[in-house]
2 protein chains.
Amino acid sequence: MKHIAESTVRRLSLYLRFLEEYEASGHATISSGELAESGGTTSAQVRKDLSFFGSFGKRGMGYTVKDLSIAIREILGLQRPWSVIIVGAGKIGAALAQYRGFTTRGFRVVGVYDRDPARVGTKLDGVSVRPEAELERDIAKLKPEIAVLCVPAEAAQAIADRVTKAGVRAVLNFAPTPLKVTEGVAMRAVNMATELEILAFGLTNGGALPVR
Amino acid sequence: MKHIAESTVRRLSLYLRFLEEYEASGHATISSGELAESGGTTSAQVRKDLSFFGSFGKRGMGYTVKDLSIAIREILGLQRPWSVIIVGAGKIGAALAQYRGFTTRGFRVVGVYDRDPARVGTKLDGVSVRPEAELERDIAKLKPEIAVLCVPAEAAQAIADRVTKAGVRAVLNFAPTPLKVTEGVAMRAVNMATELEILAFGLTNGGALPVR
DNA sequence: CTTAGCTTGTGAATGATTTCACAAGCCCTC
DNA sequence: GAGGGCTTGTGAAATCATTCACAAGCTAAG
Ligand SMILES: NC(=O)c1ccc[n+]([C@@H]2O[C@H](COP(=O)([O-])OP(=O)(O)OC[C@H]3O[C@@H](n4cnc5c(N)ncnc54)[C@H](O)[C@@H]3O)[C@@H](O)[C@H]2O)c1
Ligand SMILES: NC(=O)c1ccc[n+]([C@@H]2O[C@H](COP(=O)([O-])OP(=O)(O)OC[C@H]3O[C@@H](n4cnc5c(N)ncnc54)[C@H](O)[C@@H]3O)[C@@H](O)[C@H]2O)c1
């Protein structure tokens, strides 16, 4: 398959969110222009994004909301559930473990791990926190595809190595440190301090950063 | 000033993080190549990023770690502290309010707000949660530059309108909904479900997404 | 059946970002 | 103070992403 830009995938996720709302509000079809407005982009961009994957609309008519939802879900790989483990049950790990926004999208938190004996055994939204020492055994059993790292920066690389060695194929890293993962493992980082710093840059150099 | 790409600013933030570590470990100078490795980029990219803002290195020698740190901090606008308010003291809002990673970068949480009377009055890392009704009055008094939104998606636009009307100039939105803000207000969104969806896409369409 | 009115899908053009490649500059040694 | 070895800073080239613009195709109405 051809190379798809990350920005395209990000927008598809946004379109899907809007399509779900739009469907709930009773609309049957939607045009690329309406979809564009929701995502802060242009109708040409919407059509181009979709065109990488096929042809989903009807000329003159637009897109059937329901069909397009299904198509985008399929493109993103959301027609099936994904199993997720969270490592680090501290402040951010606990918040994510209880986040409903994951479950509604088909991401199931099947395990939460911590090193601290005081946290082990506590329940987070139905899932018990388990000892970090059980990581390998549990991964072999539960076969989660995705690991979310919420451990301190010093521990992140070691945990990434362990979970990927044990078979996890994708990592979402919240620790503010760059991770090296083996070829073939998908990796993304969310760095909240960087987000604030980008805002600070925007405020300092008024206008140098294209406003979103 | 010329237009600076967001990707450049994001990398500068990363370089800065690495420079701080590098300085702590006793090194006095660093080359663009070493800096590149830390950020998963190339030496040419590092030099180009910096070249938008000036000339900071010595040919043959590289960059003085300390001086470059200071220069990047200045570029990003981090030589001065920024005041931040957090609206929504739920799971994610509480985690962010207690996050040390913000304070160490000069972002001071000067207020946390919630609508729920049960949360108002509780303390998060030294800051008391205040009633959301006091938002406008407090913004007038404390003059925070940045607002972090951790309220449910339905409430996010209304809160964004209120804080920007009251004088906040930048918004970091954690609610999974697109926000419209007036021209001149800097806005960024962190969407964790989208991050997982990008990983799901990567796992589904192995290789279609350039690995990071 | 034909026409009017929309909207898609997509090459081509434009614009933005990254990579290349090398002259210029600095330090160190001799 | 001249030469070797490195490394920066930066135009030019290449790649990548977005926007333009329009032919093609669908529906509905007459
Ligand atoms: N709190 C936030 O809002 C926030 C925001 C962005 C990023 N982060 C990052 O997320 C990470 C966690 O932050 P936090 O605020 O939740 O910290 P925290 O101290 O509340 O939680 C960290 C947890 O990780 C556990 N832990 C440490 N080493 C471990 C290991 N080897 N295996 C398993 N568990 C281990 C600790 O016992 C603790 O429970 C940090 O890297 C932080 O920089 C936090
Ligand atoms: N929990 C997570 O890990 C997570 C991750 C990503 C995004 N989010 C998003 O962040 C937001 C908050 O999520 P949460 O999990 O913390 O939910 P939560 O229910 O724990 O917290 C929301 C808080 O906002 C308060 N609130 C509601 N309306 C308000 C208003 N008008 N003014 C002030 N406060 C108000 C509520 O009283 C509550 O305390 C949601 O939009 C969610 O989708 C959460």
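Owing to the predicted nature of the structure, the values given are computational and were not obtained by experimental measurement.
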* Measure the distance from CD on B:Glu6 to C1' on C:dT18 and round it to the nearest whole Å. => 16 Å
* Any side-chain heavy atom of A:Val129 within less than 4.5 Å of one from A:Leu124? -> yes
* Structure fact -> Hits for side chain to side chain contact (heavy atoms under 4.5 Å, CB included) against A:Glu136, two or more places apart or cross-chain, chain-then-number order -> A:Arg162, A:Ala166
* Report yes if some heavy atom in the side chain of A:Tyr22 is under 4.5 Å from a heavy atom in the side chain of A:Glu34; otherwise report no. => yes
* Take atom CZ of A:Phe52 and atom C1' of D:dA17, then tell me their distance rounded to the nearest Å. => 8 Å
* **Distance-only donor-acceptor check, side chains A:Asp138 and A:Tyr113, under 3.5 Å** => yes
* To do: Could you check A:Leu12 against A:Phe53 for side chain to side chain contact (heavy atoms under 4.5 Å, CB included), going step by step and ending with a plain yes or no?
  => CA-CA 11 Å; A:Leu12 287 174; A:Phe53 302 96; 3.6 Å; yes
* Asked: Under 4.0 Å: is that the gap between some side-chain N or O of B:Ser32 and OP1 or OP2 of D:dT7?
  -> no
* Asked: Below 4.0 angstrom from OP1 or OP2 of C:dG9, is there any side-chain N or O of A:Tyr63?
  -> yes
* Asked: Should we count CD of A:Glu37 as having more than 12 external heavy atoms under 6.0 Å?
  -> no
* Minimum heavy-atom distance B:Leu16-B:Leu76, with the two atoms named -> CD2-CD1, 4.2 Å
* Describe the nucleic acid contact of A:Thr41 in one word from base, sugar-phosphate, nothing, applying a heavy-atom distance below 4.0 Å. => nothing
* Closest approach of B:Val168 and B:Ala147, non-hydrogen atoms and distance? -> CG1-N, 3.6 Å
* Measure from CG on B:Leu50 to C1' on C:dT19 and round the result to the nearest Å. => 16 Å
* Asked: Rounded to whole angstrom units, what separation is found between the CZ atom of B:Phe56 and the P atom of D:dT7?
  -> 20 Å
* Asked: Considering heavy-atom distances to DNA chain C, does A:Ala44 or A:Gly60 have its closest nucleotide positioned more toward the 5' end?
  -> A:Gly60
* Spacing of A:Arg73 atom CZ and A:Leu19 atom CG [to the nearest 0.5 Å] -> 8.5 Å
* To do: Could you tell me whether the phosphate oxygens of C:dG9, OP1 or OP2, come under 4.0 Å of any side-chain nitrogen or oxygen in A:Ser51?
  => no
* Asked: Which parts of residues 15-25 of chain B get close to DNA chain C, meaning a heavy atom less than 4.0 angstrom away?
  -> none
* Counting just side-chain N and O atoms, does A:Gln45 come under 4.0 Å of either OP1 or OP2 of D:dA17? -> no
* Which nucleotide in D:dG9, D:dA23, C:dG11 has an atom nearest any side-chain atom of A:Lys48 -> C:dG11
* How many Å lie between CG on A:Leu68 and C1' on C:dT7, as a whole number? -> 14 Å
Pick out the pairs of N or O atoms, protein on one side and nucleotides 28-30 of chain C on the other, that lie under 3.5 Å.
none

* Rounded to the nearest angstrom, tell me the gap between atom CZ in B:Phe53 and atom C1' in D:dT8. => 17 Å
* Would you mind telling me which of C:dC26, C:dT7, D:dT27 lies closest to the side-chain atoms of A:Arg59? => C:dT7
* Asked: If only side-chain N and O atoms of A:Arg47 are considered, is one of them under 4.0 Å from the OP1 or OP2 phosphate oxygen of D:dT18?
  -> no
* Structure fact -> Rounded to whole Å, the CZ-P distance (B:Arg10 to C:dT18) equals 12 Å
* To do: Compute the ring centroids of B:Tyr15 and B:Phe18, then answer whether they are less than 6.0 Å apart.
  => no
* Considering just the side-chain nitrogens and oxygens of B:Thr42, establish if one lies under 4.0 Å of OP1 or OP2 belonging to C:dT19. => yes
* Could you tell me the separation between the CG atom of A:Leu35 and the C1' atom of C:dT7, rounded to a whole number of Å? => 13 Å
* Give B:Ser7 one of three labels, base, sugar-phosphate or nothing, depending on what nucleic acid heavy atoms sit under 4.0 Å from its own. => sugar-phosphate
